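Structure record follows, encoded as structure tokens.
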Amino acid sequence: MRKKLATILKDTLDLCFKEGYLRQMPLPEFVIEIPNNPDHGHFATNLAMTLAKEQKNSPRNIAEIIIRHLVDHDRFILKAEIGGAGFINFFVATEQWYNLLSNIITLRDDYGRNSLGRGEKIMVEFVSANPTGPIHLGHGRGAALGDSLCRILAFSGYDVSREFYINDGGQQINILGESIYSRWRQLSDPSYPFPEDGYQGDYIHELALDIAKETKLENLDKHEAIDLLTELGKDKMLKEIKEDLANFRIHFDLWYKESDLYSSGKIDSAIKLIEKRGLLFEKDGALWIRTSSFGDDKDRVVRKKDGEFTYFATDISYHLDKWKRGFKRVINIWGADHHGYVDRVKAALMAEGIPDNWLDVLLIQLVKLWQGGAEVKMSKRSGKYVTLQELVDDVGVDAVRFVFLSKDHTTPLDFDIDLVKRKDSENPVYYVQYAHARICSIFRKAAKENIHLPEHPGSILQRLDLDEEIALIRKMAEFPLLIEEIAGDLVPHRLTYYLTELAGGFHRYYNRHRVISNDRTLSQARLLLSSGVKIIIKNGLSLLGVSAPETM
RNA sequence: GCGCCUGUAGCUCAGCUGGAUAGAGCAGCGGACUUCUAAUCCGCAGGUCGCAGGUUCGAGUCCUGCCAGGCGUACCA
């Protein structure tokens with residue numbers, strides 16, 4: 001509807017220029033917003049104010065001229081008024097709102113879908129937790145964000161791929177093997193030393209027990225045993241990570257192994273490409289890439305003195321591989337502690353001729369856990385942290401996802417377990433789900449009384465003549481544009497707020513008016529209204545990966 | 001030192017590309033179930049938008065400086 005209004009305004013300006021009501025000038029940037037105050041209309045624009053300076057006329061005079069010459073062949077606008085310093089407030093003809101509601105009901109699951117992405121290939125890489133321990137809360141937040149983003153991008157016409165990068169090489173994996181080995185030895189010899197930088201968590205102990213049950217380790221020498229434990233431990237950890245994510249309703253299209261980059265020679269070819277561009281040099285026995293030419297603070301090592309590639313080198317080749325696979329755009333979701341790494345990777349990509357804006361990195365801030373009014377301290381080093389699975393077992397997938405998604409990822413998140421566990425009004429996820437369940441309940445009741453949604457709403461909709469009813473439809477009308485904005489700005493948290501407002505609007509309505517009454521057509525009209533709300537709540541929750549229950 | 005993020009009601013947070021009287025949930029106080037689910041609703045109270053300047057018709061939003069908190073500044077991964 002906003003687009004329709006924008007067209008009307010443009011046509012109107014053209015007319016005013018042509019007929020000389022206003023001085024000819026380039027079209028200024030102006031906004032059409034939805035005012036907070038209902039007295040200010042359904043839509044408002046600052047158009048007259050943006051014209052004022054150039055027109056050498058007062059905003060209110062210009063608004064007057066625009067209103068007088070509005071090009072509105074379809075009688076879209078009921079009335080237009082001047083407000084404040086020169087806003088133009090528009091009231092849309094009621095019929096338009098009825099059409100919109102009919103449209104929602106026709107489109108159902110597709111209401112809100114758009115073609116912003118034009119089928120473009122886009123990849124979201126997220127979680128990518130090292131297979132050296134279970135996934136914890138921080139990963140969970142990234143998982144919820146990444147998955148929801150993918151759902152929204154797919155809904156917006158992108159061809160989306162979800163990818164998990166497995167760091168299955170390098171030092172930390174060896175430490176995993178050594179840690180398991182020590183725990184295994186400690187089964188028979190409690191004094192056996194544990195590596196200083198080993199992983200402390202109880203899961204290492206469990207892994208040792210598990211593997212010892214299935215595999216004979218006694219006959220192997222230490223190195224063979226550690227190698228084997230590294231492999232088995234890694235596989236078991238990865239399996240657990242996959243299960244935990246599946247329980248969190250998250251599935252990936254591709255699990256990409258870091259080790260494949262080595263075996264396929266992709267690291268070498270990535271570095272050769274940089275060499276070809278003359279951005280590689282040797283210093284102090286190491287191989288460096290001149291990232292400082294592309295906005296990085298300093299140059300970076302890709303191959304160490306000892307001949308090993310750095311993690312940075314594998315990352316460069318991994319991203320080059322993403323590029324070669326034809327993704328038009330890539331989004332990475334990383335923990336905020338990686339922020340120093342962003343410029344470096346972007347610089348390296350630019351050194352390979354990849355444009356700066358190809359990669360978007362979303363940094364998620366820390367999750368702090370609260371219980372009993374105190375912060376639950378977490379540290380991976382000491383092995384003391386709450387896993388995602390524990391939290392999900394405790395409070396349920398829906399609540400965890402909703403809470404994670406209800407905050408902007410740039411702000412640190414305080415997660416209060418006690419609060420999220422309570423299945424009452426304190427938890428917004430139930431507030432939204434409850435509205436859905438309530439509407440389902442109304443439909444059950446209606447079916448019993450043999451009242452059904454009409455096939456062709458037509459004139460029945462005219463029975464929706466309360467301000468609250470029109471206001472609800474107006475709220476519903478915001479949904480498609482909101483989805484486009486979220487897909488464009490990568491901000492799914494806005495959806496949780498929208499859904500809470502929509503649910504609130506319905507709850508209020510429900511408490512004041514009966515949907516089902518003796519008046520059959522009125523009942524049908526209100527069922528149509530309820531149906532619209534239900535459709536949007538269901539679509540919205542599904543984009544967050546949250547269920548929409550029919551009963552609660 | 002330099003860089004990134006954050007600072008809005010007692011608490012947790014929204015505030016869309018600058019717009020009209022800064023919002024929501026929780027916590028506090030007072031009300032509403034013989035009627036479609038009270039996991040709901042209604043009302044009251046609660047604010048120097050960290051501080052100080054600047055830009056302009058207009059700033060929580062943009063710019064500069066300062067203060068506070070978090071994180072990062074590896075030939076680790």
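Per chain, numbering begins at 1; letters A, B, ... match sequence-line order. Owing to the predicted nature of the structure, the values given are computational and were not obtained by experimental measurement.
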Quiz item: Are any of A:Tyr498's side-chain N or O atoms less than 4.0 Å away from OP1 or OP2 of B:rA14?
Solution: no
Dump every N/O contact between nucleotides 16-18 of chain B and the protein below 3.5 Å, one line per pair.
none

Quiz item: At under 4.0 Å between heavy atoms, what does A:Tyr341 touch on the DNA or RNA strands: base, sugar-phosphate, or nothing?
Solution: base
Quiz item: Using a cut-off of 4.0 Å on non-hydrogen atoms, how would the nucleic acid contact of A:Ala286 be classed: base, sugar-phosphate, or nothing?
Solution: base
Quiz prompt | Nearest-Å distance once atom P is located in both B:rG25 and B:rC41 | solution = 8 Å
Quiz item: With rounding to whole Å, what would you report as the distance between B:rG3 and B:rU40 at their C1' atoms?
Solution: 49 Å
Practice problem: Report the residues that fulfil side-chain hydrogen bond (donor to acceptor under 3.5 Å, both in side chains) with A:Glu469, sequence neighbours left out, ordered by chain and then residue number. | Solution: A:Tyr509, A:Arg526
Practice problem: For A:Phe87, answer base if it contacts any base atom (sugar-phosphate contacts may also be present), sugar-phosphate if it contacts only those atoms, and nothing otherwise; contact means non-hydrogen atoms under 4.0 Å. | Solution: base
Quiz item: What nucleic acid atoms does A:Asp315 come within less than 4.0 Å of, heavy atoms only: base, sugar-phosphate, or nothing?
Solution: nothing
Quiz item: Is the gap between the ring centers of A:Tyr431 and A:His507 under 6.0 Å?
Solution: yes
Quiz item: Of the nucleotides B:rU12, B:rC75, B:rA77, which has the atom closest to the A:Lys407 side chain?
Solution: B:rU12
Self-check item: Contact check, side chains of A:Glu125 and A:Ile331, non-hydrogen atoms, under 4.5 Å
Solution: no
Exercise. Report yes if the side chains of A:Val345 and A:His319 come closer than 4.5 Å at any heavy-atom pair, otherwise no.
Key: yes
Exercise. Can you tell me the distance, in whole Å, between the OH atom of A:Tyr165 and the P atom of B:rA77?
Key: 11 Å
Practice problem: Using a heavy-atom cut-off of under 4.0 Å over every strand shown, decide if A:His513 touches base, sugar-phosphate, or nothing. | Solution: base
Quiz item: Considering only heavy atoms and no angle criterion, is a donor-acceptor pair shorter than 3.5 Å present between the side chain of A:Asp337 and the base of B:rG72?
Solution: no
Self-check item: A:Phe43/A:Phe91 aromatic ring centres below 6.0 Å
Solution: no
Exercise. Would you please confirm or rule out a distance under 4.0 Å between OP1 or OP2 of B:rC42 and any side-chain N or O of A:Arg508?
Key: yes
Practice problem: Name the closest nucleotide to the A:Lys298 side chain, picking from B:rU73, B:rA38, B:rA14. | Solution: B:rU73
Quiz item: Roughly how far apart, to the nearest Å, are B:rG53 and B:rA59 at atom C1'?
Solution: 13 Å
Exercise. Looking at every strand, decide which applies to A:Gly340 at a 4.0 Å heavy-atom threshold: base, sugar-phosphate, or nothing.
Key: sugar-phosphate
Quiz item: Under a cut-off of 3.5 Å for both distances of each Watson-Crick or G-U pair, what dot-bracket string does RNA chain B give, using [ ] for crossing pairs and | for inter-strand pairs?
Solution: (((((((..((((.....[...)))).(((((.......))))).....(((((..]....))))))))))))....
Quiz item: When the C1' atoms of B:rU56 and B:rG10 are considered, how many whole Å apart are they?
Solution: 36 Å
Quiz prompt | Flag side-chain contact, heavy atom, 4.5 Å: A:Trp334 against A:Leu362 | solution = no
Quiz item: Is a donor-acceptor pair below 3.5 Å formed from side chain A:Asn46 to base B:rA20, judging by atom type as modelled?
Solution: no
Quiz prompt | Residue pairs involving residues 437-451 of chain A (criterion salt bridge (charged side-chain N to carboxylate O under 4.0 Å, His left out); sequence neighbours excluded) | solution = A:Lys445-A:Glu449
Quiz item: How long is the line joining NZ of A:Lys368 and C1' of B:rG69, in whole Å?
Solution: 9 Å
All N/O pairs under 3.5 Å across the protein-nucleotides 1-4 of chain B interface:
residue : atom : partner  : partner atom : Å
B:rG3   : N2   : A:His339 : NE2          : 2.5

Quiz item: A:Arg438 CZ to B:rU35 P: how many Å, rounded?
Solution: 13 Å
Practice problem: Using the P atom on both, measure B:rA22 against B:rA45 and round to a whole Å. | Solution: 15 Å
Quiz item: Is it true that the side chains of A:Tyr430 and A:Asp398 contain a donor and an acceptor less than 3.5 Å apart?
Solution: no
Quiz item: With no hydrogens and no angle check, do the side chains of A:Asn130 and A:Lys234 hold a donor and an acceptor under 3.5 Å apart?
Solution: no
Exercise. Considering non-hydrogen atoms only, spot the tightest contact between A:Phe164 and A:Ala129 and give its length.
Key: CZ-N, 3.2 Å
Quiz prompt | Integer angstrom distance from the P of B:rU48 to that of B:rC5 | solution = 27 Å
Exercise. Identify which nucleotide among B:rC41, B:rC36, B:rU6 has an atom closest to any side-chain atom of A:Thr410, counting heavy atoms from C-beta outward.
Key: B:rU6
Exercise. Mark yes or no for whether A:Asn46, through its side chain, and A:Val31, through its backbone, hold a donor-acceptor pair below 3.5 Å.
Key: yes
Quiz item: Does A:Tyr434 put a side-chain nitrogen or oxygen below 4.0 Å from OP1 or OP2 of B:rA39?
Solution: yes
Quiz item: So, is A:Thr411 close to the B:rU12 phosphate, meaning a side-chain N or O under 4.0 Å from OP1 or OP2?
Solution: no
Self-check item: Of the listed nucleotides B:rA38, B:rA20, B:rU35, the one nearest the side chain of A:Arg514
Solution: B:rU35
Quiz item: Taking everything shown except A:Arg512 itself, do over 12 heavy atoms lie less than 6.0 Å from its CZ?
Solution: no
Self-check item: Closest to side chain of A:Tyr311, choosing from B:rC5, B:rA77, B:rC75
Solution: B:rA77
Quiz item: With centres under 5.5 Å and planes under 30° as the test, does A:His40 stack with B:rA20?
Solution: yes
Quiz prompt | Residue met sooner reading RNA chain B from 5', once A:Arg303 and A:Lys445 are mapped to nucleotides | solution = A:Lys445
Exercise. Could you list all the salt bridge (charged side-chain N to carboxylate O under 4.0 Å, His left out) pairs where at least one residue sits in residues 496-505 of chain A, not counting sequence neighbours?
Key: A:Lys475-A:Glu501
Exercise. State which of B:rA77, B:rU56, B:rC36 makes the closest approach to the side chain of A:Lys53.
Key: B:rU56
Quiz item: Please give, in whole Å, the distance from B:rC75 P to A:Glu282 CD?
Solution: 16 Å
Quiz item: Are A:His338 and B:rA77 close enough that a side-chain N or O sits under 4.0 Å from OP1 or OP2?
Solution: no
